[in-house]
Amino acid sequence: MNQAAREERIVNTVLLGGIFIAGIVLVREGPYFDNVLDGWPFFTGAFFIGTLLGFGSWSYNFQIKPSLKFSGTYRQPWLAAFLMGLLTTVSVSYINRSFAGPVERSMTANIEDVEEGKGERWHLVVKKTDGSYQRYLIPKPVADQLKNEKIVRLGISRGALGFDLITKFEPQK
């Protein structure tokens, strides 16, 4: 095996290891996307921007001509794109929720179910006024408060990146 092939294999292994670790981190952060209002454009936008950034920066920095091939060194920009997409998605979610402002407004919804998740993570399923169902991530103490309730008041905060999220759950008396 020549030196170039060996280096290429090492870089591919490092990128695949990074993707594996980023996937684990995304699984840990993923449930928080439930609490973002209209979370799917937030998730897909972050992933798409990160993927473009990863592909473009890897291709530019390592002078690899963009191609639809997935063999040899042409594989690396694609792996870097996927890795950067995952990392960007996790990062923007964490930033948006961690630096969210105070509760600005609220809405009420009918409680359909309080589901047990893993560890301290529980899920609240509500029926919104438009008839659709939405699931939110809640901590165990909040789940205990809401188990026997019929209506919940959802506190909405502005996220640091401008995406609103549900940050407060309290029974509606």
Side-chain angles (χ1 to χ4, degrees), residues 1-101 104 113 115-126 128 130 132-140 154 156-167 169:
M1 179 183 292
N2 65 12
Q3 183 66 19
R6 185 168 184 239
E7 288 176 5
E8 177 185 313
R9 226 172 132 189
I10 290 170
V11 170
N12 287 343
T13 302
V14 168
L15 287 170
L16 286 171
I19 289 171
F20 180 75
I21 292 169
I24 291 171
V25 174
L26 181 63
V27 167
R28 301 277 304 154
E29 183 67 26
Y32 293 103
F33 278 102
D34 287 345
N35 293 16
V36 177
L37 296 179
D38 293 328
W40 71 269
F42 181 57
F43 177 83
T44 55
F47 185 77
F48 182 73
I49 289 168
T51 301
L52 286 177
L53 183 65
F55 187 86
S57 62
W58 191 276
S59 297
Y60 179 76
N61 288 327
F62 294 100
Q63 306 296 313
I64 298 173
K65 184 179 175 184
S67 174
L68 292 177
K69 295 180 184 177
F70 198 72
S71 61
T73 56
Y74 293 109
R75 178 181 302 147
Q76 294 172 0
W78 294 105
L79 293 174
F82 190 58
L83 174 61
M84 191 64 170
L86 292 174
L87 291 176
T88 302
T89 303
V90 169
S91 299
V92 299
S93 173
Y94 178 79
I95 290 168
N96 191 58
R97 74 178 169 84
S98 295
F99 302 105
E104 295 178 348
D113 195 13
E115 303 169 344
E116 184 174 0
K118 291 185 176 185
E120 292 293 311
R121 293 181 176 189
W122 286 65
H123 300 284
L124 171 68
V125 180
V126 300
K128 297 181 356 184
D130 65 358
S132 64
Y133 293 92
Q134 180 66 43
R135 184 179 84 160
Y136 298 109
L137 179 67
I138 57 174
K140 186 175 182 347
L154 306 169
I156 303 170
S157 297
R158 172 70 83 191
L161 300 176
F163 289 88
D164 291 343
L165 64 151
I166 307 297
T167 56
F169 304 88

Where [X] and [Y] come nearest, the two heavy atoms and their spacing:
{"X": "Thr88", "Y": "Ala46", "result": "CG2-O, 3.5 Å"}
{"X": "Tyr60", "Y": "Gln63", "result": "O-NE2, 3.0 Å"}
{"X": "Leu86", "Y": "Ala22", "result": "CB-CB, 3.8 Å"}

For the pair Leu154 and Phe169, evaluate side-chain contact (heavy atoms from CB on, under 4.5 Å) and give the outcome as yes or no after the intermediate values. CA-CA 5 Å; Leu154 306 169; Phe169 304 88; 3.3 Å; yes
Determine whether a donor-acceptor pair (N or O, by modelled atom type, separation under 3.5 Å) exists between the side chain of [X] and the backbone of [Y].
{"X": "Ser157", "Y": "Gly101", "answer": "yes"}
{"X": "Asn96", "Y": "Leu161", "answer": "yes"}
{"X": "Thr13", "Y": "Arg9", "answer": "yes"}

Stepwise, does the side-chain contact (heavy atoms from CB on, under 4.5 Å) test hold for Asp164 with Val36? CA-CA 6 Å; Asp164 291 343; Val36 177; over 6 Å; no
Heavy-atom check, side chain of [X] versus side chain of [Y], under 4.5 Å:
{"X": "His123", "Y": "Leu137", "result": "yes"}
{"X": "Phe42", "Y": "Val92", "result": "yes"}
{"X": "Glu104", "Y": "Ile156", "result": "no"}

Quick check for you: to the nearest 0.5 Å, what is the distance between [X] atom [atom1] and [Y] atom [atom2]?
{"X": "Asp38", "Y": "Leu165", "atom1": "CG", "atom2": "CG", "result": "12.5 Å"}
{"X": "Asp34", "Y": "Tyr136", "atom1": "CG", "atom2": "OH", "result": "9.5 Å"}
{"X": "Phe82", "Y": "Leu87", "atom1": "CZ", "atom2": "CG", "result": "10.5 Å"}
{"X": "Leu124", "Y": "Glu115", "atom1": "CG", "atom2": "CD", "result": "9.0 Å"}
{"X": "Met84", "Y": "Ile19", "atom1": "CE", "atom2": "CD1", "result": "13.0 Å"}
{"X": "Asn2", "Y": "Glu8", "atom1": "CG", "atom2": "CD", "result": "9.0 Å"}

Intermediate values then yes/no, side-chain contact (heavy atoms from CB on, under 4.5 Å), Val125 and Gln134: CA-CA 6 Å; Val125 180; Gln134 180 66 43; over 6 Å; no
Over 60° means perpendicular and under 30° means parallel, so classify the ring planes of [Y] and [X], tilted if in between.
{"X": "Phe62", "Y": "Trp58", "value": "tilted"}
{"X": "Phe55", "Y": "Trp78", "value": "tilted"}
{"X": "Phe43", "Y": "Phe33", "value": "perpendicular"}

Applying side-chain contact (heavy atoms from CB on, under 4.5 Å) to Leu16 and Leu79, what does each step give before you reach the verdict? CA-CA 7 Å; Leu16 286 171; Leu79 293 174; 3.8 Å; yes
Between Glu29 and Arg97, is there a salt bridge with N-O shorter than 4.0 Å? yes
Within 6.0 angstrom of Phe47 CZ, more than 12 heavy atoms from elsewhere: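 Check passes, neighbour count above 12.
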